[in-house]
Amino acid sequence: MAYEDLKGKVAIVTGAGQGIGETIALTLAGVGMNVAIADKNPVTAEQVAGKVQALGVKGLAVHVDVTDPASAEQMVQTVLSELGQIDVLVNNAGRIAYKKFTDLTLEDWYDDVNVNLHGVYLCSRAVVPHMIKRRSGRIITISSDSAKIAEIYTAAYSAAKGGANALMKVLARELGRYNITANAICPGMVKTPLLGDTFFGDLGEEKMKQMIKVTYPLGRIAETQDVADATLFLASDAAKYITGQTISVDGGYVMY
Ligand SMILES: NC(=O)c1ccc[n+]([C@@H]2O[C@H](COP(=O)([O-])OP(=O)(O)OC[C@H]3O[C@@H](n4cnc5c(N)ncnc54)[C@H](O)[C@@H]3O)[C@@H](O)[C@H]2O)c1
């Protein structure tokens, strides 16, 4: 079986109650990992945990608010006591205030930075001591192409995702000696609830479809599985020599 090395290992996936995080949780479970589904929505977390368990591995729903330091610490302690170890942390929880800079409120700014940057810091901070002790770990942050190319109407989101990319690089430099890798995955557009009404933006459906054909060399936006497959690779032994990278998974939309 491919990814045999991951069998029996443990992953935490934040924001795994729906969208990309759910697909990541199910994909990791599909190769035999035990998975903690950590989300601020306890109902969806339980539902996804049920789907993970149906694959024959342990699926643990954990209620977490990644913006709260105590909650992030509690998440790690719960996973350690229930699943015994943590091999992989996937920082996936995210939010976006899709607004013109001049319409962005202070609250929008803090909300986006709190989840997309502080959340990544707080969950990484909570899990790293355990990974150092074991001389092993993978930290994978689901960032965004927005951080690289600064899409319009994403001021707070792009700033926060850019910060998260930089944080992964610093962790890669500081923690490499403990056999811990840290990378970011930068998707372009992905079909999920987060995209929601922002999907067609100012363009409307037809023009948006044209735009995608022209700007995405592979001619389509991502399915959640495209992002999950890249996450699986980075979690595995096959990626043991890859660290500090910001890898776009976007059909060629951004080429660096
Ligand atoms: N959908 C896209 O087009 C796209 C593109 C690039 C990057 N991304 C990134 O991928 C990640 C997943 O996005 P998605 O589209 O699946 O989003 P989504 O809105 O469908 O799901 C986000 C999940 O995160 C959870 N969450 C939000 N705030 C939280 C918090 N404070 N604590 C714990 N959980 C919280 C939500 O409850 C939800 O289950 C995000 O980081 C997003 O920025 C998405």
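Not measured: the values here are computed from a predicted model. Numbering of ligands and ligand atoms starts at 1, following listing order. Hydrogens, waters and symmetry mates play no part in the numbers below; they use all other heavy atoms, side chains included.
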Consider only side-chain N and O atoms of S71 and D65, and report whether a donor and an acceptor are under 3.5 Å apart. no
Hey, can you pull the donor-acceptor pairs under 3.5 Å for the side chains in residues 211-221, sequence neighbours left out?
from: T215; atom 1: OG1; to: M211; atom 2: O; distance (Å): 2.7
from: Y216; atom 1: OH; to: M189; atom 2: N; distance (Å): 3.1
from: R220; atom 1: NH1; to: D226; atom 2: OD2; distance (Å): 2.9
from: R220; atom 1: NH2; to: D226; atom 2: OD1; distance (Å): 3.4
from: R220; atom 1: NH2; to: D226; atom 2: OD2; distance (Å): 3.4

Select one of side chain, backbone, both or neither to describe which atoms of R95 lie under 4.0 Å from any atom of ligand 1, heavy atoms only. neither
Taking atom NZ as the centre, does K99 end up with more than 12 heavy-atom neighbours from other residues, nucleotides or ligands that are less than 6.0 angstrom away? yes
Is a donor from one side chain sitting under 3.5 angstrom from an acceptor on the other, for S248 and D145? yes
Ionic contact status for D87 with R138, cut-off 4.0 Å: no
In the protein, which heavy atom is nearest to atom 11 (C) of ligand 1, and how far is it? N92 O, 3.1 Å
Any heavy atom of I142 sitting closer than 4.0 Å to ligand 1? yes
Does K161 come within less than 4.0 angstrom of ligand 1, counting non-hydrogen atoms of the residue? yes
Does T192, backbone or side chain, put an N or O under 3.5 Å from an N or O of ligand 1? yes
With backbone taken as N, CA, C and O and side chain as the heavy atoms from C-beta onward, which portion of S143 lies under 4.0 Å from ligand 1: side chain, backbone, both, or neither? backbone
What atoms in ligand 1 come closer than 4.0 Å to a heavy atom of P187? 6 (C), 7 (C)
Heteroatom proximity flag, V66 to ligand 1, N/O under 3.5 Å: yes
Looking only at heavy atoms, what is the nearest atom pair of Q85 and V79, with distance? O-CG1, 4.3 Å
Can you measure from OH (Y157) to CG (D112) and round to the nearest 0.5 angstrom? 8.5 Å
For atom 27 (C) of ligand 1, which candidate among S248, G15, G94 holds the nearest heavy atom? G94
Not counting sequence neighbours, list each pair that qualifies as a salt bridge (charged side-chain N to carboxylate O under 4.0 Å, His left out) and has a residue in residues 9-24. E22-K51
Under 3.5 Å: N/O of G21 near N/O of ligand 1: no
Determine whether the side chains of T181 and T243 contain a donor N or O and an acceptor N or O closer than 3.5 Å. no
Taking only non-hydrogen atoms of V64, do any sit less than 4.0 angstrom from ligand 1? yes
Give the residue, atom name and distance (to 0.1 Å) of the protein heavy atom nearest atom 26 (N) of ligand 1. A93 CB, 4.0 Å
Enumerate the atoms of ligand 1 whose separation from the nearest heavy atom of G19 is less than 4.0 angstrom. 16 (O), 20 (O)
For atom 29 (C) of ligand 1, state which one of Q18, K40, M75 supplies the nearest heavy atom. K40
N or O contact, N41 vs ligand 1, cut-off under 3.5 Å: no
Cut-off 3.5 Å, side chains only: do Q74 and T78 have a donor facing an acceptor? yes
Quick note on ligand 1: atoms under 4.0 Å from a heavy atom of Y157 include exactly 6 (C), 7 (C), 8 (N), 9 (C), 42 (C), 43 (O)
Among all the protein's non-hydrogen atoms, which is closest to atom 16 (O) of ligand 1, and how far away is it? I20 N, 2.8 Å
Establish, from distance only, whether the side-chain atoms of T67 and N114 form a donor-acceptor pair under 3.5 Å. no
N or O pair under 3.5 Å between D65 and ligand 1: yes
Exactly one of T231, V13, I185, V227 should register a side chain to side chain contact (heavy atoms under 4.5 Å, CB included) with I20. Which one does? V227
So which protein heavy atom does atom 38 (C) of ligand 1 come closest to, and at what separation? D39 OD2, 3.6 Å
So CG of L89 and CD1 of I180: to nearest 0.5 Å the spacing works out to 11.0 Å
Atom 17 (O) of ligand 1: closest protein heavy atom, distance to 0.1 Å, is L194 CB, 3.1 Å
Ignoring angles and geometry beyond distance, decide whether V190 reaches within less than 3.5 Å of ligand 1 through its nitrogen or oxygen atoms. yes
Measuring from the heavy atoms of G188, does anything fall under 4.0 Å of ligand 1? yes
Relative to the heavy atoms of M189, which atoms of ligand 1 are at a distance of less than 4.0 Å? 3 (O)
More than 12 non-hydrogen atoms from neighbouring residues, nucleotides or ligands closer than 6.0 Å to CZ on F101, yes or no? no
Element-labelled atoms of ligand 1 that are located less than 4.0 Å from some non-hydrogen atom of S144: 6 (C), 7 (C)
